Amino acid sequence: MAKKENDISIKRIIQNAFFMIKYASHYDKPLITRIMVLFILSKAGKAINDTFILKMIINGLTGKAEFSSMIVLLLISLVLVVCLEWINQLIDEWSKAKLIKLSGTIQRDLIENNSKMDLICYDDPEYYNTYVIVAGNADTAIEQTVMVVSKTIGGIVALGIASAMIFTIDPLLAVFPIAGFTVNLLTRFKIEQLQYSWDVANKTAIRKANYSQRVFYQPEYAKECKLTDVKVPLKQQFDDALDEATAAGKKYGPKLTWISLINWISVFTVFSFFAIPAYLGYLALVLRKIALGDVASGNNASNYIRSNLNEINFCLVDFQQIGQYAEKFRQMLDYKPVIEKADGLTPAEGAATLALENVSFRYPHSEKDTLCNINLEIKPGEKIAIVGENGAGKTTFVKLLMRLYDITSGSIKYGGHDIREYATDEYRKKIGAVFQDYNIYAASLAENVLMRKVSEEDADTVVKALEKADFGKKLKKLPDGINTQLTKEFSEEGTNLSGGESQKVAISRIFAGSGDRTISILDEPSSALDPVSEYKLNKNLIENAKNDTIIFISHRLSTTRMADRIYLFEQGTIKEQGTHDELMALNGRYREMFDRQAQNYIV
């Protein structure tokens, strides 16, 4: 979805930079205006003090100016220097502190935007990479944009003041800084090209080296590293990566050295520290056209032009980075979700039939359907098992039922309506689900169960849900009961649960779910439990689900005998369907899988 970075024109880059300023101003226009004014005052004040006021002071000292006049000039210069230092402190400390809050506000916007992003975007590497870049750089990008644009505007103002001084002395003085700027612009462009190519080659190699290095000090890899020889290929990978990084240095390093040397000699030596003082000396000592004050102020003015042109030159490089980032930022803001927050009908109260007709689904950039021509009907209160090996399409099937994805073809109907006709949020209230890749959050146990803010009235609901999930014994041992903080992310007193305990907490979310729920889906959430615990948990779920429709997703078959109907998925299609007894009698794939796992089951 994103354009390649080198497809963005200079015009677009500038537009993007000013879009960022406009966007930031939407939240705090007075702050942005103050920062720009501070930069202009800082640059202009320094330029005036170091050129016009300096010229007046030196000419006064070498002429016949009255002492009182000189004191006034010196006091003006002193006050101006103090004010400029105060302004610079405001820029460095006050403005950056204020920008932190602004950046945080924009981050909240991105979080809100992300919550509306369709799940399918996470399966699109290009889009997801765009989001990661935008979210990861939002804090610094806003600050950098405001500072660079303000610095550029202030530099242009300072250029105007310095140019005015030069033209009062000799317009030819402007040639030297302009020539230096031109050489700097050309050489810097080449330096940036080489530096970028070097960075790309170096980062690829260093990423490999960092991975190999990281494996050796992360605890989850420690046992295998000690018990196997996996360290041998990892060390070789580390050495190869360092060789790649060294080769990149040999390729780009010498070129960068020579071009940087040319840049330094021409820009900062010839055109700055030699040509300007030499020409001013010629005007003052040979032609006697200018006074000593003109020499000092002219030299300062020329250096001001050079330094500000160079600063603007570096700002152009920053503008390019900002423009590239802002392009991705704008793509994020322009994104319109298809599924999340979609408006539509509200499902009728009570349970309804869920029907899939010729449903197929294909992931973005994939050449093959993950699910193909699925047809099934689930009636209210039915207990359904979806089984199959890993990769058969079971989890994708669940995501389609919950409308986390939209189908590629066919239809999914609930209560006679295509689920795309319903408001997404209202339709999902009918469904409670626990996935195999559930998460435990650094929050209280109660918050992990309810998955929302907890009130005192929720205590009984949380305790009952945990007891139904077979977590009651563990709950009695926790120091603060349902208020116990889980994980040690923010507190050393937090509790880390085992894999099985964590799964029970995740499953308790089903029991604590909305009263509107009519369908419960368990997508292999009990994989960390032993077969006995899994059987007890699923039996408990069926007994407590009352009239809910229950859909079990698993490649383990310990729950299938409880199901009213079983669908065996294979390579994205329904290979077999029926009751447990019917499928066992069929003597097909289901029978083969069941017999292979039979020793784990309670029959």
Side-chain angles (χ1 to χ4, degrees), residues 30-98 146-174 176-178 180-181 272-273 276-277 279-281 283-285 287-312 315:
L31 173 63
I32 306 302
T33 303
R34 289 189 193 105
I35 291 174
M36 289 186 174
V37 170
L38 288 174
F39 266 101
I40 292 171
L41 290 175
S42 174
K43 295 283 187 179
K46 188 167 176 56
I48 291 171
N49 192 55
D50 291 355
T51 55
F52 287 98
I53 294 179
L54 178 65
K55 175 183 176 180
M56 295 169 66
I57 290 173
I58 294 177
N59 285 343
L61 291 172
T62 57
K64 297 181 179 179
E66 294 183 3
F67 179 74
S68 59
S69 300
M70 294 305 303
I71 291 297
V72 171
L73 282 174
L74 289 170
L75 286 174
I76 291 173
S77 179
L78 176 63
V79 171
L80 189 55
V81 168
V82 171
C83 290
L84 290 174
E85 180 60 29
W86 176 66
I87 290 173
N88 288 332
Q89 289 297 321
L90 286 177
I91 292 173
D92 290 339
E93 307 299 337
W94 173 83
S95 61
K96 289 183 179 180
K98 290 291 185 180
V146 173
M147 291 299 185
V148 168
V149 172
S150 301
K151 191 184 295 182
T152 302
I153 294 172
I156 292 171
V157 172
L159 274 177
I161 294 171
S163 299
M165 169 55 69
I166 280 179
F167 278 94
T168 65
I169 300 172
D170 189 329
L172 190 59
L173 277 172
F176 303 112
I178 292 173
F181 169 76
S272 297
F273 301 123
I276 293 173
Y279 184 67
L280 285 169
L283 292 176
L285 300 175
L287 299 182
R288 298 186 180 279
K289 289 177 61 176
I290 59 175
L292 183 60
D294 295 317
V295 172
S297 59
N299 185 62
N300 278 1
S302 297
N303 286 332
Y304 252 89
I305 290 178
R306 174 190 58 78
S307 63
N308 279 284
L309 284 174
N310 287 334
E311 190 168 57
I312 291 172
C315 284

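Here the structure is a predicted model, which is why all the values come from computation and not from measurement.
Remark: K151 engages no residue in a salt bridge (charged side-chain N to carboxylate O under 4.0 Å, His left out) (not counting sequence neighbours). Considering only residues two or more places apart in sequence or on other chains, A164 meets the side-chain contact (heavy atoms from CB on, under 4.5 Å) condition with F52. With sequence neighbours excluded, the residues that form a side-chain contact (heavy atoms from CB on, under 4.5 Å) with L90 are L38, W86, W94. With sequence neighbours left out, the side-chain contact (heavy atoms from CB on, under 4.5 Å) criterion links L41 to V37, I87. Here K46 pairs with D50 under the salt bridge (charged side-chain N to carboxylate O under 4.0 Å, His left out) rule; sequence neighbours left out. Every residue meeting the side-chain contact (heavy atoms from CB on, under 4.5 Å) condition with V148, not counting sequence neighbours, appears here in chain and number order: Q144, T152, C315, D318, F319, I322. A search for side chain to side chain donor-acceptor pair (under 3.5 Å) contacts involving S150 returns nothing, not counting sequence neighbours.
Separating the CD atom in E93 from the NZ atom in K98 is a distance of 14.0 Å, to the nearest 0.5 Å. Here the straight-line distance linking atom CD1 of I156 with atom NZ of K43 works out to 11.0 Å at 0.5 Å rounding.
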What pairs of donor and acceptor atoms, side-chain ones from residues 74-85 against any protein atom, are under 3.5 angstrom apart with sequence neighbours left out?
{"from": "S77", "atom 1": "OG", "to": "N49", "atom 2": "OD1", "distance (Å)": "2.9"}
{"from": "E85", "atom 1": "OE2", "to": "Q89", "atom 2": "NE2", "distance (Å)": "3.1"}

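The number of heavy atoms from other shown groups lying within 6.0 Å of CE (M36) is above 12.
Closest of all the heavy-atom pairs between I91 and M147 is O-CE, 3.7 Å.
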